[in-house]
K.L.:
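Would you mind keeping the following structure in view while I ask a few things?
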Amino acid sequence: MLIKRPFDLTDNDVTDYALYQRRRDFLKTLGGIALIGASGFPLSATAKSAFSTDEEQTPFDDITTYNNFYEFGTDKSDPARYASMMKTSPWSVTVGGECAKPGKLALEDILKPHSKEERIYRLRCVEGWSMVIPWLGFPLADLLKRFEPTSKAKYVSFETLVDPKQMPGQARNVLDWPYAEGLRMDEAMHPLSFMATGLYGKDLLNQNGAPLRLVVPWKYGFKSIKSIVKISFVEEQPDTSWGRSAPGEYGFYSNVNPEVDHPRWSQRRERRIGEFRKRETLMFNGYAEQVASLYSGMDLRKNY
Ligand SMILES: Nc1nc2c(c(=O)[nH]1)N[C@H]1C(S)=C(S)[C@@H](COP(=O)(O)O)O[C@H]1N2
Ligand SMILES: [Mo]
């Protein structure tokens, strides 16, 4: 296993964002039009969740143009530029491992039984930036229960599509493909864990992980794996792509924790995209009340 390119340092990331902002302002001036920002998409049909934050939502334009999706390249602007090369229809998801009802399901059959709801969650990237995103989707637990995991299912793992023809970034070995992530079963079954199919009331754009992506708001953003094609129930803690590439930097839990620094930068503060001054990073990304009990008795410095 090779270590190719770790996440950018926080300071690099800040420069990165400033550069991106300038490029965008430049493009706006060029076109002579203001791009459409937040609001815009009515969402009257979906219920407002008690889990949603009422913090200001990051504009649609930022959420869909400032992305991490290394399958399309490591630059923040690569996913928006290249993700249309990925074909999301037809799409299927293979579910297997320790469960009574494994199978390969067409996306339509995955989605059919679930009514969609909105969850406005904070997303905190391990690099030190954050957003507030109004997701559309359904609880992960409701999906997983359908496959009837057995008592041996202690963890659940997820994989992203592999196809270098559709995902040009996979031609480079920046990570071991497929992108892989995992959760402990109780984390996966927690009511905050969410399968997203949309944001701002519309279907997900490819750069955000269409047609189906995980969202685990109390963990660093890299746990929220995009464009899922495989779900497996397993007995042992599964490998993850980032864990394999730099085990000392990206642990299996990766809970947002201002007290535990990344080996190469502090995690105390973060830049909310669109804000100038940094803000304090909150324990479990502000979801401590809901999730802290999952980790009682665990040393969070060891289990980073
Ligand atoms: N398959 C896959 N999923 C991924 C990533 C990736 O590179 N590949 N990047 C992760 C990281 S580091 C973050 S911060 C979030 C970013 O999600 P967003 O671009 O929708 O904001 O996606 C995560 N999911
Ligand atoms: Mo991230």
Side-chain angles (χ1 to χ4, degrees), residues 4-10 12-13 16-17 20 57-83 86 88 121-137 157-164 166-170 172-183 194-200 202-217 219-231 240-246 249-250 254 256 262 265 267 270-274 281 285:
K4 293 93 179 181
R5 198 192 121 158
F7 281 115
D8 288 341
L9 293 167
T10 306
N12 290 349
D13 179 62
D16 192 18
Y17 182 68
Y20 148 88
Q57 295 165 32
T58 304
F60 180 82
D61 194 37
D62 286 327
I63 299 173
T64 56
T65 59
Y66 186 81
N67 300 101
N68 274 334
F69 199 166
Y70 276 19
E71 285 86 337
F72 297 103
T74 54
D75 203 277
K76 291 289 182 287
S77 59
D78 285 336
R81 199 172 287 156
Y82 300 117
M86 175 174 65
T88 59
Y121 282 162
R122 292 175 287 276
L123 176 91
R124 168 55 156 90
C125 177
V126 74
E127 296 164 335
W129 53 266
S130 64
M131 298 191 186
V132 175
I133 304 182
W135 301 107
L136 205 58
S157 72
F158 303 86
E159 286 179 15
T160 297
L161 178 70
V162 188
D163 185 354
Q166 299 182 58
M167 300 177 134
Q170 286 180 336
R172 290 169 53 209
N173 292 325
V174 284
L175 279 175
D176 272 343
W177 314 113
Y179 194 99
E181 261 307 336
L183 295 170
F194 201 62
M195 288 308 280
T197 58
L199 61 84
Y200 271 119
K202 306 209 300 185
D203 284 346
L204 283 178
L205 295 182
N206 287 1
Q207 55 265 43
N208 295 107
L212 194 67
R213 64 100 43 99
L214 180 66
V215 182
V216 193
K219 293 176 179 285
Y220 291 118
F222 65 88
K223 298 293 289 182
S224 294
I225 182 173
K226 296 176 170 181
S227 305
I228 295 167
V229 293
K230 192 173 173 194
I231 301 176
T240 67
S241 293
W242 281 107
R244 273 193 308 249
S245 83
E249 301 188 7
Y250 308 108
S254 287
V256 174
H262 185 279
W265 60 85
Q267 293 291 27
E270 68 197 52
R271 186 176 307 279
R272 179 69 50 87
I273 296 300
T281 287
N285 201 23

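As the structure lists them, so they are numbered: ligands from 1, and atoms in each ligand from 1.
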K.L.:
Of all the atoms in ligand 1, which lie at a distance below 4.0 Å from a heavy atom belonging to C125?
P.N.:
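Those atoms are 14 (S).
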
K.L.:
Determine the interplanar angle of the F222 and Y250 rings, folded into 0 to 90°, and report it as parallel if under 30°, tilted if 30 to 60°, perpendicular if over 60°.
P.N.:
perpendicular

K.L.:
Identify, with sequence neighbours excluded, every residue that meets side-chain contact (heavy atoms from CB on, under 4.5 Å) alongside Q166.
P.N.:
M86, K87, L161, D163

K.L.:
Examine the proximity of ligand 1 to K223 and report which part, side chain or backbone, both or neither, has a heavy atom under 4.0 Å away.
P.N.:
neither

K.L.:
Please classify the T160 to ligand 1 contact at 4.0 Å (heavy-atom distances, strictly less than): side chain, backbone, both or neither.
P.N.:
side chain

K.L.:
Report yes if some heavy atom in the side chain of W242 is under 4.5 Å from a heavy atom in the side chain of Y70; otherwise report no.
P.N.:
yes

K.L.:
Where's the contact between E127 and ligand 1, heavy-atom distance under 4.0 Å: side chain, backbone, both or neither?
P.N.:
neither

K.L.:
Counting heavy atoms only, which of F69, Y250, Y179 is nearest atom 4 (C) of ligand 1?
P.N.:
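Checking each option, the heavy atom nearest atom 4 (C) of ligand 1 is found in Y179.
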
K.L.:
Going by the order shown, which atoms of ligand 1 are within less than 4.0 Å of some heavy atom of N67?
P.N.:
18 (P), 19 (O), 20 (O)

K.L.:
What part of L123, side chain from CB on, backbone N/CA/C/O, both or neither, has a heavy atom under 4.0 Å from ligand 1?
P.N.:
side chain

K.L.:
Hey, does G209 sit under 4.0 Å from ligand 1 if you only count heavy atoms?
P.N.:
no

K.L.:
Return the set of residues passing salt bridge (Lys or Arg N to Asp or Glu O under 4.0 Å) with R272 (not counting sequence neighbours), or none when no residue passes.
P.N.:
E55, E270

K.L.:
Numbering the atoms of ligand 1 from 1, which are under 4.0 Å from a heavy atom of N208?
P.N.:
18 (P), 20 (O)

